[in-house]
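Here the structure comes first, spelled out in structure tokens, and everything after it is commentary.
Per chain, numbering begins at 1; letters A, B, ... match sequence-line order.
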Amino acid sequence: DGGITQSPKYLFRKEGQNVTLSCEQNLNHDAMYWYRQDPGQGLRLIYYSQIVNDFQKGDIAEGYSVSREKKESFPLTVTSAQKNPTAFYLCASSMGSGSLYEQYFGPGTRLTVT
Amino acid sequence: SQELEQSPQSLIVQEGKNLTINCTSSKTLYGLYWYKQKYGEGLIFLMMLQKGGEEKSHEKITAKLDEKKQQSSLHITASQPSHAGIYLCGARYPGSSNTGKLIFGQGTTLQVKP
């Protein structure tokens with residue numbers, strides 16, 4: 001079955017620790033995205049990658065970092081510099097970024113930092 | 001102020017009733033996507049609209065985009081408990097046509113009472 005997997009489903013960390021969220025897709029999609037969802041605010045774009053070994057900042061990139069070493073993988077690191085890291089994180093992918101391709105979403109990771 | 005506004009924020013309807021969710025943009029869209037989300041899960045793609053005046057239907061859900069490409073509506077006919085969830089609209093704008101970047105509305109939470 002083709003799709004996007006995110007792991008783990010729930011993640012708990014202490015303040016000051018970096019944490020990496022996994023995102024893997026087997027859809028052979030070129031473009032991948034990371035969004036953050038907070039109650040009442042919809043989704044906000046953190047980072048996106050249009051092709052392997054290339055990525056760009058989204059609207060709220062501060063305190064986050066990504067890598068795109070393989071086409072199928074786009075991990076997100078939440079660093080200790082992120083002031084409000086507790087949120088629901090969603091990874092998405094699309095066939096490309098130029099045309100109006102739909103984005104397919106993973107099941108999400110809920111991160112709680114205390 | 002939000003670039004993409006959804007209304008209402010929440011909706012409770014009796015099973016069998018019709019309902020409409022609106023999505024209004026402050027500027028002309030390149031494309032408009034509708035997604036559905038169960039709480040704590042990923043987004044499921046419903047429909048994408050690109051042309052002014054376009055209308056698409058899937059089962060009991062119909063989405064329309066106005067001629068000016070600034071407003072979209074999602075209409076559910078004869079609602080069922082399975083329609084319950086969060087509905088989100090996402091917009092692509094002409095300036096971001098090569099990035100695949102989506103701007104999301106805040107979401108509309110729908111409850112359907114049996």
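- Between the side chain of A:Q50 and the main chain of B:G100, no donor-acceptor pair closer than 3.5 Å is present.
- Rounding to the nearest 0.5 Å places NZ of A:K9 at 5.5 Å from CD of B:E41.
- Counting heavy-atom pairs closer than 4.5 Å to chain A, the top residue among B:G31, B:G90, B:G40 is B:G40.
- Contact detail for A:L43 and B:F104: the closest heavy-atom pair is CB-CD1, 3.6 Å.
- Of the listed residues (B:Q37, B:Q6, B:M48), the greatest number of heavy-atom pairs within a distance under 4.5 Å of chain A belongs to B:Q37.
- Atom CG of residue B:L102 and atom OH of residue A:Y35 lie 4.0 Å apart, to the nearest 0.5 angstrom.
- The 12-atom threshold is not exceeded at NZ of A:K57, counting heavy atoms of other residues, nucleotides or ligands nearer than 6.0 Å.
- Within 6.0 Å of atom CD in A:E62, 12 or fewer heavy atoms from other residues, nucleotides or ligands are found, so the atom counts as exposed in its surroundings.
- In A:Y104, the OH atom is not crowded: 12 or fewer heavy atoms of neighbouring residues, nucleotides or ligands sit closer than 6.0 Å.
- Rounding to the nearest 0.5 Å gives a distance of 7.0 Å between OH of B:Y33 and CD of A:Q103.
- For chain A, the nearby parts of B:L43 are the backbone and the side chain; heavy atoms of each come within less than 4.5 Å.
- Atom CG of A:L100 sits about 4.5 Å away from atom CD of B:Q50, to the nearest 0.5 Å.
- A 6.0 Å sphere centred on NZ of B:K38 holds more than 12 heavy atoms belonging to other residues, nucleotides or ligands.
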